Amino acid sequence: MHDRSTPFEATIKWTRKETRDTFTCAIRISNRDIQRGYRFVPGQFNMLYVPGIGEAPISMSSSPLDRDIMHTVRIAGDVTTALSLLGAGEVIGIRGPFGRGWPIEEAEDLDLLIVAGGLGIAPLRSVARHFMKTHSPKKKTAHPRRMLLYGAKTPKDIVFRDEFPRFRDIFDVFLSVDRADPEEYWRGETGLVTQLFDRLSLDPVRTIVFMCGPEIMMQTSVRELILREVPEEKIFVSMERNMNCGMGICGHCFFGPKFVCKDGPVFRFSEISGLMGIKEL
Amino acid sequence: MSVPATARKLKKEDLSCVFDQLRASHRVIGPKIEGGVIVLADIDVHDIPAGFEDRQAAGSYSLIRSDRPEIFSFSAGPDSFKRFLHPPVSEMFTFRRSRTSMTITPSGREEKPLAFIGIRACDLSAMKLYDRIFLEGPVKDNTYASLRSNAFIIAVNCCRPGDNCFCSSMGTGPEVKDGYDIVLTELRDSFLVESGTVRGQDLLARLALEEATGIDVDEKAERTGACIRAMKKSIRAEELPGLIYRNPDHPHWADIAERDLECGNCTQVCPTCFCNATYDLVRLSQVSFKPPGLSGVRVRKWDSCFSRNFGRVHGGNFRPSRRARYRQWMSHKLAYAIEQFGLPGCVGCGRCITWCPAGIDITVEAEALKDAR
Amino acid sequence: MKRPRIGIFKFTSCDGCQLSVLNLEEELLDLVGLFQVAFFREATDRPLRGHLDIALVEGSISTGWQRSHVVEVRERTRYLVTIGACATSGGLQALRNWTSIEDYKKSVYPSPGMIETLPCSTPISDHVYVDYELWGCPVGSDELSETLASFLLDKRPGIPGYSLCMECKRKGTPCLLIAGSAPCLGPVTRAGCGVLCPSLERPCYGCFGPREGANIDALLNVFRKKGLSPHECSLLLDKMNTYSYRKARSREGRL
Ligand SMILES: Cc1cc2nc3c(=O)[nH]c(=O)nc-3n(C[C@H](O)[C@H](O)[C@H](O)COP(=O)(O)OP(=O)(O)OC[C@H]3O[C@@H](n4cnc5c(N)ncnc54)[C@H](O)[C@@H]3O)c2cc1C
Ligand code: SF4
Ligand code: SF4
Ligand code: SF4
């Protein structure tokens with residue numbers, strides 16, 4: 001296993017603009033041996049490093065079966081801005097993979113409901129691509145069902161908008177935006193993502209939920225799901241905290257007794273339900 | 001009482017022989033007086049502040065020369081092994097970047113392994129916690145691993161508690177149980193020495209020792225017993241995790257926040273606090289335009305959950321209030337650590353009490369937490 | 001790439017912080033190589049023209065002319081960084097804010113009528129938006145160097161927001177407040193000086209100013225218990241950062 005406190009080099013293969021403030025970049029690890037030893041599962045993250053600027057935890061948005069490792073990044077501050085200025089052929093540092101990802105195997109035979117808000121779709125695209133690679137589109141069966149609920153601020157903020165048609169091959173897709181500009185052509189729903197739950201008919205016994213988005217959205221969504229009798233044990237959420245080391249030694253990501261970096265970022269909701277409502281934890 | 005197989009006796013004046021044995025191969029770290037305080041530093045045998053006693057209270061510390069005959073007559077100062085195994089400021093690597101290439105060179109560590117002399121039971125418990133954090137997690141930390149792997153540990157059983165100690169109620173002291181190469185118990189006219197590892201045994205084999213008797217072993221038990229009886233502070237170690245988990249909104253958190261200076265001293269002196277922050281240091285002289293490039297070092301420093309930036313992310317701070325920051329500290333020490341590492345996050349050393357300028361006493365504050373009725 | 005244009009300005013101050021710029025020594029050459037020095041009274045008498053990428057501003061605002069000039073500097077500048085206690089917090093001269101300026105004038109100058117001055121000395125941030133504030137009396141050369149490098153790299157400078165105690169403990173300096181019972185302002189003061197005073201066994205007197213959220217009253221209560229009078233306590237705060245400490249104190253109560 002390679003050393004995970006020192007970044008190793010990766011080359012940017014290509015970058016692509018997703019929305020006004022979000023882009024995807026594909027990278028390939030330069031060292032062959034490290035590249036071969038590098039294995040991740042959807043939901044895990046890398047620490048992307050721009051020497052001189054710093055590191056940021058970013059989830060993989062590609063499937064482990066994809067040739068390159070992809071990251072979808074929103075410009076938020078120093079590191080993400082610096083990343084956005086780099087282009088194909090330039091190099092960055094990466095450390096990883098870190099954290100606990102989505103329980104893909106547990107989801108294979110169950111009805112999978114993906115709930116994503118905003119950029120929360122990034123680590124879930126990894127799951128979607130996994131299913132797209134491992135299941136042929138014709139097999140969109142009654143069971144197991146796969147559903148994708150996605151909410152964005154406006155139609156312009158929908159990340160991976162041009163990939164949704166392909167998601168529909170495998171998933172029943174439900175889209176909603178908080179508000180749509182009247183000038184824009186938008187024939188989907190408007191309003192909070194939570195109201196999409198009414199459109200689903202869930203079989204609580206055989207449903208598993210993967211969720212990632214703003215904390216407040218996840219809280220209300222979980223409430224909706226529990227009302228529909230989906231057990232807490234079958235709901236998985238991906239949490240976000242400040243992160244510095246990514247490997248459980250710096251303390252910045254504490255969420256009560258949990259280290260988001262190593263116990264998460266993906267948690268079974270039943271593990272953290274007691275912590276969820278506590279202010280300023 | 002029966003005599004343990006490894007137990008021997010070392011004459012007090014022969015303590016220097018232990019130093020002689022270690023000096024060539026190790027950097028010997030131990031207690032020493034600096035600026036009126038017992039700190040840990042590179043020492044020789046005569047640096048040990050024999051015959052000094054510390055007077056500690058919440059937010060106060062002083063040293064007096066006492067007429068006690070012991071060499072290890074004092075208790076813990078602000079420093080612990082953590083200053084050496086998890087250095088307050090360390091360089092992780094240097095980097096150099098141009099448009100199409102980057103090099104990262106991990107920084108070298110010091111050559112000589114460390115030998116700690118005079119580590120107490122509480123700090124050994126803390127070291128065990130550190131091993132869980134830095135070595136036994138999903139990923140091990142190189143800096144700690146390289147400093148820890150060859151460290152030689154000479155522990156000392158406490159015969160007199162510090163004024164703020166409460167290790168006995170945390171179950172972490174005062175008697176050293178494991179994690180040492182050699183442990184010393186100071187008796188009336190000699191040290192009872194026991195080895196805990198093969199390395200320790202080897203070292204003892206090179207010293208002039210006497211046979212230990214049942215009387216010596218009895219005296220050891222008597223002295224640790226006296227230490228437990230003399231301990232003034234205690235904490236409800238069993239009940240507290242539950243109380244803390246159940247009371248995140250207890251009014252007492254706000255009461256503490258009024259007095260709390262948020263200075264972070266408690267976290268810096270605590271031997272179990274491990275939080276740290278890394279950043280890239282680039283100076284003006286390390287930037288160039290022609291050709292475009294830069295170099296610098298990645299530095300790691302002790303951080304604290306009392307720092308404002310600790311919980312800061314894009315769009316806000318997870319713990320904006322002082323109340324929440326104090327709650328994080330106490331909850332982590334007394335509740336979370338057990339869940340995280342299966343070991344107490346507080347080892348009862350009392351450092352945070354002594355070195356808190358506001359005199360905030362974790363045992364007193366914890367006592368004030370009660371379930372609402 | 002075009003070298004960014006830098007201007008270095010001075011209002012009411014002792015010049016000590018500009019000296020810190022000159023004290024960059026070898027790095028001063030790097031500064032001149034990496035930046036185009038567009039305005040620096042201390043070194044050239046080129047007048048202020050055009051736009052600046054970064055302005056380092058020393059000194060507090062204490063005259064009417066300065067009040068309008070700082071607005072002009074701001075309008076011409078992309079990033080405005082204050083350097084030192086005067087620019088960041090009003091300086092020692094802000095002590096006059098707590099008395100009557102007329103009395104001062106009469107006691108110091110033979111013809112007080114000639115003196116044109118505002119009744120208060122105030123930090124730059126009371127007048128215009130400030131991007132970053134470097135504290136200290138004077139600012140540290142290391143911090144300056146890092147801040148200028150950060151500007152070139154387009155990242156936030158790593159100005160510490162935590163207490164001086166943190167730096168003290170990292171350095172292993174014996175605590176003067178606890179082991180020496182000295183009224184040290186470390187707990188409420190920003191780190192950054194490199195523990196200059198405490199390592200010389202002098203209690204911190206706050207030249208890096210109050211840190212964010214400083215609980216000043218709680219510290220003064222500690223000093224009161226050590227026997228200081230309320231007057232002695234407030235004298236501790238009334239130095240080069242008097243304006244900021246008093247302001248931070250009145251904001252107290254926020255937990
Ligand atoms: C497990 C995990 C997975 C993630 N996955 C993704 C992903 O797939 N895609 C993605 O885009 N993001 C992801 N994030 C979020 C991402 O890590 C952050 O957006 C990123 O770290 C921001 O880094 P930065 O250096 O660009 O911003 P920073 O420079 O760190 O700052 C971001 C903002 O925080 C504020 N701030 C921070 N520090 C200070 C300070 N000292 N003083 C004042 N303000 C401050 C500023 O307002 C700044 O704009 C993930 C986070 C986690 C924890
Ligand atoms: S508890 Fe005491 S030492 Fe800790 S931050 Fe608060 S005032 Fe400082
Ligand atoms: S919390 Fe206080 S008493 Fe407990 S180990 Fe830390 S410093 Fe010692
Ligand atoms: S979170 Fe706070 S209490 Fe816990 S180890 Fe870090 S600094 Fe110490």
Side-chain angles (χ1 to χ4, degrees), chain B residues 34-37 39-41 56 59-63 77-79 83 87-89 253-254 257-265 267-269 279-290 292 294 296 301-304 306-310 312 320-324 354-359, chain C residues 1-3 24 26-31 33-35 142 144-150 152-153 155 158 160-181 184 186-188 198-199 201 211-219 221-222 225-226 253-255:
Chain B
E34 241 170 52
V37 170
V39 299
L40 294 188
Q56 305 194 23
S60 102
Y61 179 98
S62 58
L63 273 180
D79 285 348
R83 175 170 299 286
V89 181
W253 299 121
E258 301 236 341
R259 290 170 280 141
D260 182 8
L261 303 172
E262 205 180 69
C263 58
N265 275 303
T267 56
Q268 304 301 284
V269 295
Y279 71 101
D280 281 6
L281 175 64
V282 181
R283 293 190 60 108
L284 202 48
S285 54
Q286 294 169 311
V287 185
S288 92
F289 280 159
K290 276 186 239 153
L294 60 91
K301 285 185 178 179
W302 287 352
D303 200 358
S304 161
F306 283 99
S307 309
R308 289 247 154 175
N309 284 340
F310 196 77
R312 188 165 265 160
S321 74
R322 196 145 63 224
R323 175 186 151 280
T354 305
W355 301 99
C356 171
Chain C
M1 180 169 171
K2 252 180 76 187
R3 286 181 304 159
L24 284 169
E26 271 150 45
E27 281 189 307
L28 194 59
L29 295 178
D30 296 307
L31 192 155
L34 293 164
F35 291 88
D142 285 349
L144 257 175
S145 164
E146 253 189 272
T147 303
L148 291 172
S150 299
L152 294 173
L153 302 182
K155 69 168 179 176
Y162 47 75
S163 72
L164 175 62
C165 296
M166 298 269 292
E167 236 179 357
C168 241
K169 286 289 176 294
R170 280 183 205 142
K171 249 192 134 175
T173 315
C175 179
L176 298 162
L177 207 160
I178 284 160
S181 220
C184 178
V188 295
S199 31
E201 297 189 34
R211 71 193 166 75
E212 214 185 318
N215 193 354
I216 295 174
D217 277 333
L219 182 66
N221 280 339
V222 173
K225 285 200 199 112
K226 292 188 189 287
R254 214 175 34 154
L255 292 183

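Just so it is clear, the model here is predicted, and its values are computed rather than measured. Sequence lines set the chain letters: A, B, ... in the order given, protein chains first and strands last, and positions in each chain run from 1.
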Could you measure the distance from the NZ atom of C/Lys169 to the CH2 atom of B/Trp355? Nearest 0.5 Å is fine. 6.5 Å
Top contributor to chain B contacts, counting heavy-atom pairs under 4.5 Å, from C/Leu148, C/Leu34, C/Val222: C/Leu34
Distance from C/Leu152 atom CG to B/Ser288 atom OG, nearest 0.5 Å? 10.5 Å
Just how far is it from atom OH of B/Tyr61 to atom CD1 of C/Ile178, taken to the nearest 0.5 Å? 11.5 Å
Quick one: what part of C/Leu153 sits under 4.5 Å from any heavy atom of chain B, side chain, backbone, both or neither? side chain
If I take atom OG from residue B/Ser60 and atom CG from residue C/Leu177, how far apart are they, to the nearest 0.5 angstrom? 11.0 Å
The interface call for B/Leu40 against chain C, heavy-atom contacts under 4.5 Å, is neither
Check whether B/Ser304 gets within reach of chain C through its side chain, its backbone, both or neither, counting any heavy atom under 4.5 Å. both
Highest number of heavy-atom pairs under 4.5 Å with chain C: which of B/Val37, B/Val287, B/Leu63, B/Val39? B/Val287
Side chain, backbone, both or neither of B/Val89 within contact of chain C (heavy atoms, under 4.5 Å): side chain
Which heavy atom of B/Pro357 sits nearest to which heavy atom of C/Pro187, and what is that distance? CG-CG, 4.0 Å
Given a strict heavy-atom distance threshold of 4.5 Å, which part of C/Lys225 is in contact with chain B: side chain, backbone, both, or neither? neither
For B/Leu284, does its backbone N or O pair with a side-chain atom of C/Asp30 as donor and acceptor, under 3.5 Å? no
So OH of B/Tyr279 and NZ of C/Lys155: to nearest 0.5 Å the spacing works out to 9.0 Å
Counting heavy-atom pairs under 4.5 Å with chain B, the top scorer among C/Pro160, C/Ala149, C/Cys184, C/Gly158 is C/Ala149
Answer with side chain, backbone, both or neither: which region of C/Asp142 has an atom nearer than 4.5 Å to a non-hydrogen atom of chain B? both
Looking only at B/Arg259, B/Gln268, B/Arg283, most heavy-atom pairs under 4.5 Å shared with chain C are made by B/Arg283
Less than 4.5 Å apart, side chain to side chain, heavy atoms only: is that true for C/Ser150 and B/Val282? no
Please state whether the side chain, the backbone, both or neither of B/Asp280 comes within less than 4.5 Å of a heavy atom of chain C. both
Ignoring hydrogens and angles, tell me if any N or O in the side chain of C/Arg170 forms a donor-acceptor pair with the backbone of B/Arg83 under 3.5 Å. no
Does B/Arg322 reach the main-chain N or O of C/Gly213 with its side chain, forming a donor-acceptor pair under 3.5 Å? yes
Distance in Å, C/Ser145 OG paired with B/Gln286 CD, rounded so as to fall on 0.5 Å steps: 8.0 Å
State, yes or no, whether a side-chain contact exists between B/Lys301 and C/Met166 at a heavy-atom distance under 4.5 Å. no
Heavy-atom nearest pair, B/Leu261 first then C/Arg211, reads O-NH2, 2.6 Å
